[in-house]
Structures are given as C-alpha cells and as structure tokens.
Enquirer: 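This is the structure, below, for whatever I ask next.
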Amino acid sequence: MPSLAARVAAVGGSPVRDILAVTERPEVVNFAGGLPAPELFDTEGIAAAYRDVFAELPGRALQYATTEGDPALRSALAARHTVRGLPTAADGLLVTTGSQQALSLLATALLEPGDTVLVEEPCYLAALQTFGFAGARIVAVPGDGDGVDPDALAELVVRERPKLFYTVPTFQNPTGRTLPAARRAAVASVAARHGVWIVEDDPYGELRFEGERVPWIATYPGAEDRTVLLGSLSKVMAPGMRLGWLRAPAALRRACAVAKQAADLHTPTVNQLAAARYLADRDLDAHVARVAVVYRERRDAMLAGLPDALPRGSTWSRPEGGMFLWVRLPEPYDTTALLPRVVEHDVAYVPGAPFHAGAPDRGTLRLCFVTQTPEEIGEGLRRLAKGLAGQPPGRG
C-alpha cells in the first residue's frame with residue numbers, strides 16, 4: 001500500500017490526548033486535560049437557544065451557509081471586541097470550527113514548507129502540531145515568568161526572518177502567565193519595524209479572577225495591520241459547539257476563507273445560529289463572571305495544596321485567571337518518566353517536555369485546576385504526593 005505522508009510520522013500525536021485516553025477511568029483525578037467544568041455550562045440557556053432556532057428558523061439551521069459565518073454571530077462577536085477597545089466590524093471576522101481551525105487555516109494561508117515560525121517557550125502544544133504539519137521550522141523565543149522577552153524576539157526576527165510569531169499572551173497554555181502591557185507594546189513595535197505577523201491566540205482571556213485586564217496586542221500602535229487575533233467560545237460557553245473566529249486584515253482573512261472552503265465549507269449553521277441567539281438573549285459576561293468565581297476557588301485550592309504535594313525545591317506559577325498552572329520539580333525529577341508511577345495512584349498531569357520547541361525542561365508539568373471541585377483537587381494532590389514520593393527517576 002502507498003505510504004502515509006512524511007508529515008504524519010514527523011509530527012505524531014498529542015501527548016495530552018494520549019494521556020486522556022489512558023486516564024478515562026472515573027476514579028482518576030485528571031489534572032491533565034484542558035477541559036472546562038461541565039457542571040458550570042449554562043445548559044438551560046444553550047438548550048433554549050437551540051430550541052428557539054429550530055422553532056423559528058428550522059430550514060436555515062439545517063442548511064448550508066456562507067463560509068465567512070452567520071452575520072448575526074459575527075456582529076455580536078464584533079461588538080464584544082469593540083467594547084473591549086478593539087473597534088471591529090462584522091465583516092472583519094471569519095467564523096471557524098473552533099479556534100484550533102483558525103490556526104490551521106493561517107498555517108495554510110501563510111506558510112510554505114521550510115518557513116520559520118517563532119513561538120513562545122513553552123508553547124501551546126496543538127500550535128506546535130499545526131506548524132509542524134505545515135512543514136514549518138519552529139524556533140522558540142526565550143522568556144521568563146512574565147512571558148516572551150521582546151529583545152530576544154527582535155534578535156530572532158532579524159536573524160531568522162520568520163513568517164509569524166505565535167503567542168498566547170493572556171493566561172497562557174501551559175504556564176498560566178500573562179504578558180505585561182509594556183512587553184505587549186514592545187512586541188507590537190518589533191512587528192511594526194520588521195514586518196512579521198503576530199498571531200495572538202486568546203481562548204482564556206475572559207476567565208480573569210483578579211487583577212486588571214491587559215489590552216490585546218492588536219490594540220497597540222504598530223500592530224494594527226499585522227496582528228491576527230483568535231477567539232473562541234469553547235472556554236466561556238461550551239467546547240462541544242466548536243465555535244471560534246479570527247480577526248485579520250482583509251487580504252489574509254480572504255485567504256483563510258478560501259482555505260476554509262477546502263476544509264469544511266463552513267462551520268455548522270445550527271451552532272452559529274444558536275450562539276447568536278444566546279448572545280442576543282442571555283448575558284454571557286454575567287455567566288463568565290459566575291464561572292470565574294468557581295474557577296478562582298479551585299485555583300486557590302490547588303495553590304494551597306501544592307506545598308505538601310510537591311518535593312522540596314519545587315516552584316509553580318500563580319495565574320490570575322485561565323485554567324492552568326505550571327510546575328517545575330527540582331533535579332533530578334523527570335516528569336515524563338514519573339507519569340506511569342503517578343497514574344498508578346489514580347491521578348494524572350501533563351509532562352512539560354512536549355510543550356517545548358527547543359530543548360525540553362524535563363522537570364516541568366502542567367496542571368489544570370478547573371475541572372475538579374476543591375475537595376477532589378485536595379484528594380488528587382494527596383495522590384500526587386504519593387506518586388512523587390520515593391526515589392525520583394533521573395533525567396535522561
């Protein structure tokens with residue numbers, strides 16, 4: 001039989017998905033997934049939106065639609081951007097089947113095999129997969145607990161001549177960190193001076209528990225015509241609806257629409273209509289505020305339990321929102337080698353190594369704190385402590 005494409009073997013699967021497959025047993029406390037808490041979904045509000053759509057627009061809901069997306073949904077999303085300081089017209093958005101598809105469309109529209117892409121270190125894992133499938137050469141930009149170093153970014157832009165720089169600047173996956181305003185301005189300046197695209201991915205930004213909101217990079221001088229902003233309803237409404245979008249300059253947006261036509265023609269009509277109805281009839285911001293209160297309690301429960309769960313010398317992040325925190329264990333712990341032993345205690349995390357485009361930090365791991373109750377988090381951390389006890393596997 002003809003062989004598979006080389007890119008499939010080169011990129012491989014998602015370690016997160018592989019771990020989730022192993023830990024589907026209900027007794028496992030799973031800190032590995034990036035799943036919103038299902039008990040907090042506005043099930044009744046979403047169901048009512050679908051009922052209204054089918055009662056009033058059944059033929060349209062079940063029919064093909066335009067590639068760009070439902071006008072009412074785009075108008076509602078554009079209004080949300082405008083209120084948050086980024087004036088946006090409905091025609092400035094392309095609705096996608098989750099923001100992950102937006103990444104894939106951008107890779108199709110922008111990247112040739114061998115092109116260079118700059119990413120944060122560590123980086124959202126599925127972005128590394130997407131750029132790898134496009135045949136890109138992925139280069140990590142150094143940073144620290146506040147995010148990417150703009151001076152290092154400028155040096156790499158000059159040296160590597162990348163097509164784009166990809167970032168999750170707010171409550172980043174996997175670290176939970178947020179890029180400060182001064183660095184956002186500096187990143188925008190780098191893009192303006194050197195002509196590189198910024199892909200600003202913002203799936204978690206509305207899930208803020210404390211502190212002040214930091215404006216999108218797209219709002220800073222110099223970034224207006226070279227930033228693609230990605231958004232999603234997955235973390236604030238429901239991931240099963242698979243609704244995301246991208247905001248981009250017209251030429252790039254049209255190129256992404258052509259790529260989408262070749263991928264799936266359009267995002268499911270009924271889901272778009274239901275989301276538009278929900279945004280018209282319900283207060284999404286109030287719902288998100290209620291979710292954020294619960295998520296903050298769960299974050300605090302995890303932060304309170306980490307000192308007793310982790311080996312002496314461990315460090316971890318304290319995110320102001322989002323879904324994740326980032327842990328670094330001391331030498332010689334290797335979180336990949338440790339994971340099978342930890343899973344035997346019915347708890348799971350994601351090792352940090354796969355999130356690195358450069359040399360992996362094998363002592364790191366990601367924990368998701370939003371899916372379990374505080375009591376379940378406490379039990380999971382007790383199990384984690386047992387799994388980490390004893391002689392640690394060394395780093396290879």
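Computed from heavy atoms alone, side chains included, the values below leave out hydrogens, waters and symmetry copies. If you're wondering where the values come from, they're calculated on a predicted model, not measured in any experiment.
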Enquirer: Using a cut-off of 6.0 Å, state whether more than 12 heavy atoms not belonging to Glu212 lie near its atom CD.
Expert: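 No.
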Enquirer: Walk me through it: do Asp91 and Arg74 pass the test salt bridge (charged side-chain N to carboxylate O under 4.0 Å, His left out)?
Expert: CA-CA 7 Å; Asp91 289 344; Arg74 284 191 288 156; 3.7 Å; yes
Enquirer: Strictly distance-based, threshold 3.5 Å: is any side-chain N or O of Glu376 a donor or acceptor partner for the main-chain N or O of Thr373?
Expert: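 Yes; at least one donor-acceptor contact below 3.5 Å.
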Enquirer: Donor-acceptor check, side chain of Arg183 to backbone of Val148, threshold 3.5 angstrom: yes or no?
Expert: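 It does hold such a pair.
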Enquirer: Holding to salt bridge (Lys or Arg N to Asp or Glu O under 4.0 Å), I want the full list of residues that pass it with Arg226, two or more places apart in sequence or in another chain.
Expert: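 Residues passing salt bridge (Lys or Arg N to Asp or Glu O under 4.0 Å) with Arg226: none at all.
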Enquirer: If the condition is side chain to side chain donor-acceptor pair (under 3.5 Å), which residues does Asp285 pass it with, not counting sequence neighbours?
Expert: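 Asp285 satisfies side chain to side chain donor-acceptor pair (under 3.5 Å) with Arg80, Arg84 only.
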Enquirer: CG of Asp202 to OG1 of Thr167: how many Å apart, nearest 0.5 Å?
Expert: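 So the CG of Asp202 and the OG1 of Thr167 are separated by 10.0 Å.
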Enquirer: Side chains of Trp197 and Lys163, heavy atoms from C-beta outward: is any pair under 4.5 Å?
Expert: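 No, side chains not in contact.
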Enquirer: Starting from the C-alpha separation in whole Å, work towards a yes-or-no answer on side chain to side chain contact (heavy atoms under 4.5 Å, CB included) for Val228 and Arg247.
Expert: CA-CA 6 Å; Val228 185; Arg247 178 190 185 277; over 6 Å; no
Enquirer: I'd like to know if the side chain of Ser317 and the backbone of Pro319 have a donor-acceptor N/O pair within less than 3.5 Å.
Expert: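 Side chain of Ser317 to backbone of Pro319: no pair is present.
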Enquirer: I want to check something: taking the side chain as every heavy atom from C-beta on, are Leu388 and Val342 in contact at a cut-off of under 4.5 Å?
Expert: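 They are in side-chain contact.
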Enquirer: Charged N to carboxylate O below 4.0 Å: is that the case for Asp146 and Arg177?
Expert: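 Between Arg177 and Asp146 there is no salt bridge, as every charged N stays at least 4.0 Å from the carboxylate O atoms.
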Enquirer: I'd like to know whether Phe31 forms a ring pair (Phe, Tyr, Trp, His ring centres under 6.0 Å) with Phe369, so could you lay out the CA-CA distance, the side-chain angles of the two residues, the decisive distance to 0.1 Å, and finally the verdict.
Expert: CA-CA 7 Å; Phe31 298 140; Phe369 54 78; 9.8 Å; no
Enquirer: Can you give me the closest heavy-atom contact between Pro150 and Ala186, atom names plus distance?
Expert: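 That would be CB-CB, 3.5 Å.
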Enquirer: Kindly compute the distance separating CZ (Arg282) from CD (Glu44), expressed to the nearest 0.5 Å.
Expert: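 CD of Glu44 is found 6.5 Å from CZ of Arg282.
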Enquirer: Using 30° and 60° as the class limits, which term best fits the ring planes of His356 and Trp326: parallel, tilted or perpendicular?
Expert: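 Rings of His356 and Trp326: tilted, as their planes differ by 30° to 60°.
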Enquirer: Give the cluster check for Leu153 versus Tyr166: same hydrophobic cluster or not, with ILVMFWY residues linked at side-chain heavy-atom distances below 4.5 Å.
Expert: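 Different clusters.
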Enquirer: Run the ring-centre check on Tyr204 versus Phe324 and record whether the distance is less than 6.0 Å.
Expert: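 Centroid distance Tyr204-Phe324: below 6.0 Å, so yes.
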Enquirer: If every non-hydrogen atom of Val29 is compared with every non-hydrogen atom of Gly380, which pair is closest and at what distance?
Expert: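 Distance-wise, the nearest heavy atoms are CG1-CA, 3.7 Å.
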Enquirer: Is it the case that more than 12 heavy atoms not belonging to Glu27 sit under 6.0 Å from its CD atom?
Expert: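 Counting neighbours around CD of Glu27, more than 12 heavy atoms of other residues, nucleotides or ligands fall under 6.0 Å, so yes.
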Enquirer: If we ignore hydrogens and angles and just use 3.5 Å, is the side chain of Arg184 paired with the main-chain N or O of Tyr220 as donor and acceptor?
Expert: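 Side chain of Arg184 to backbone of Tyr220: no pair is present.
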